[in-house]
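Data first, discussion second: the structure below is written as structure tokens.
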Amino acid sequence: MFAVRRAATAAPRALPHRLFHASPSVFISVGDPIPDVPLLENSPGNKVSLAKELTGKGLIIGVPAAFSPSCSESHIPGYVNYHGLKDAGSVFVVSVNDPFVMKAWGKTLDPDSKSGIRFLGDPHCAFTNAVDLAFDSTAVFGQPRSKRYALVIEDGKVKEVHVEPDNTGVKESAVDRVLGGAHLQ
């Protein structure tokens, strides 16, 4: 009886989280400056500002998760093995992971650091939120994560934006779409 009364007077329950692949529009756009939000490289004490690092040419590659299948098997290896990567300028991979995970992942994908790619952690999703490229992935990853994207940077401003429409696919942000042609080593 009490349960029936509670059910009748209870507030309506919230709808479940949006589906994993739901995506609002992207707000970072061509001409926008890179936000000065610290990321972490190798350890919590080593803070990196992409706004300060990317004063010339560069790339910021965002991924949903280090060590995930698409990120580890195709997306980032495409950049690591791209012959003309140095012509793109400074290259950074950013993920909503801690810096220790990103360091280990970088060593797995590029053991000798030949590509020059730097792997940065965004453990609290601060940078990812600042560029408005986070999505609700709590159903899969337990917390918000980054959409899969690539930003081409020139003189500290966004020159090109490549964001996966489903947040996690590997087409729009793949190296051949971002940097062109078959320049794989």
Side-chain angles (χ1 to χ4, degrees), residues 18-41 48-51 53-54 56-82 84-85 88-97 99 101-102 105-106 109-110 115-138 140-141 143-180:
R18 290 182 300 175
L19 297 175
F20 182 68
H21 289 290
S23 178
S25 59
V26 177
F27 292 101
I28 184 101
S29 57
V30 172
D32 288 348
I34 299 304
D36 190 7
V37 176
L39 295 164
L40 305 176
E41 186 173 29
V48 174
S49 167
L50 292 180
E53 293 277 340
L54 290 168
K57 288 173 65 174
L59 286 175
I60 303 170
I61 306 161
V63 297
F67 291 104
S68 66
S70 294
C71 300
S72 297
E73 294 168 9
S74 63
H75 192 219
I76 300 307
Y79 286 93
V80 168
N81 297 317
Y82 189 80
L85 188 63
S90 300
V91 180
F92 299 88
V93 173
V94 176
S95 183
V96 181
N97 287 106
V101 167
M102 293 302 288
W105 190 44
L109 295 176
D110 189 10
S115 71
I117 295 174
R118 293 169 63 186
F119 291 79
L120 306 177
D122 184 14
H124 301 291
C125 205
F127 179 83
T128 302
N129 283 328
V131 295
D132 200 27
L133 289 169
F135 75 101
D136 181 0
S137 65
T138 53
V140 175
F141 295 118
Q143 67 185 36
R145 291 292 179 125
S146 174
K147 297 178 182 187
R148 187 180 310 281
Y149 67 88
L151 302 176
V152 178
I153 308 300
E154 196 166 290
D155 300 324
K157 296 191 180 203
V158 177
K159 182 178 177 184
E160 295 175 32
V161 178
H162 303 268
V163 180
E164 298 299 339
D166 69 352
N167 300 331
T168 60
V170 183
K171 182 177 179 185
E172 296 300 320
S173 64
V175 69
D176 59 339
R177 181 70 59 106
V178 176
L179 298 177

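With contacts defined as side-chain heavy-atom distances shorter than 4.5 Å, the pair Val158/Ile153 qualifies. For the pair Ile117/Leu85, a side-chain contact is recorded, criterion being any heavy-atom separation below 4.5 Å from C-beta on. Side-chain atoms of Glu41 and Pro99, non-hydrogen and from C-beta on, never get closer than 4.5 Å to each other. Here the side chains of Trp105 and Asn97 are not in contact, with every heavy-atom distance at 4.5 Å or above.
Judged purely by distance below 3.5 Å, without hydrogens or angles, the side chains of His162 and Arg177 never pair a donor atom with an acceptor atom.
Closest approach of Val101 to Phe67, counting heavy atoms only: O-CE1, 3.7 Å. Across all non-hydrogen atoms, the minimal contact from Leu109 to Ser72 is CD2-O, 3.6 Å. Between Pro123 and Val96, the shortest heavy-atom distance links the atoms O-CG1, 4.2 Å. The nearest pair of heavy atoms linking Glu164 to Ala174 is OE2-N, 4.3 Å. Contact between Gly62 and His75 at its shortest, heavy atoms only, is O-CE1, 4.0 Å. Ala65 and Ser95 make their closest contact through CA-OG, 3.6 Å (heavy atoms, listed as atom of the first residue, atom of the second, distance).
A donor-acceptor contact shorter than 3.5 Å is absent between the side chain of Tyr79 and the backbone of Val91. In terms of modelled atom types and a separation under 3.5 Å, the side chain of Glu172 and the main chain of Tyr149 share no donor-acceptor contact.
A distance of 12.5 Å separates CG in Leu40 from CZ in Phe127, rounded to the nearest 0.5 Å. Taken from CG in Leu39 to CZ in Phe92, the straight-line distance is 9.0 Å, to the nearest 0.5 Å. The distance from atom OG of Ser173 to atom CG of Leu59, rounded to the nearest 0.5 Å, is 11.0 Å. How far NZ of Lys157 is from CG of Leu54: 14.0 Å, rounded to the nearest 0.5 Å. Here the CG-CG distance, from Asp32 to Leu151, works out to 9.5 Å after rounding to the nearest 0.5 Å. A distance of 7.0 Å separates CG in Leu50 from CD1 in Ile34, rounded to the nearest 0.5 Å.
In terms of the side chain to side chain donor-acceptor pair (under 3.5 Å) criterion, residue partners of Asp36 (sequence neighbours excluded) are, by chain and number, Ser49.
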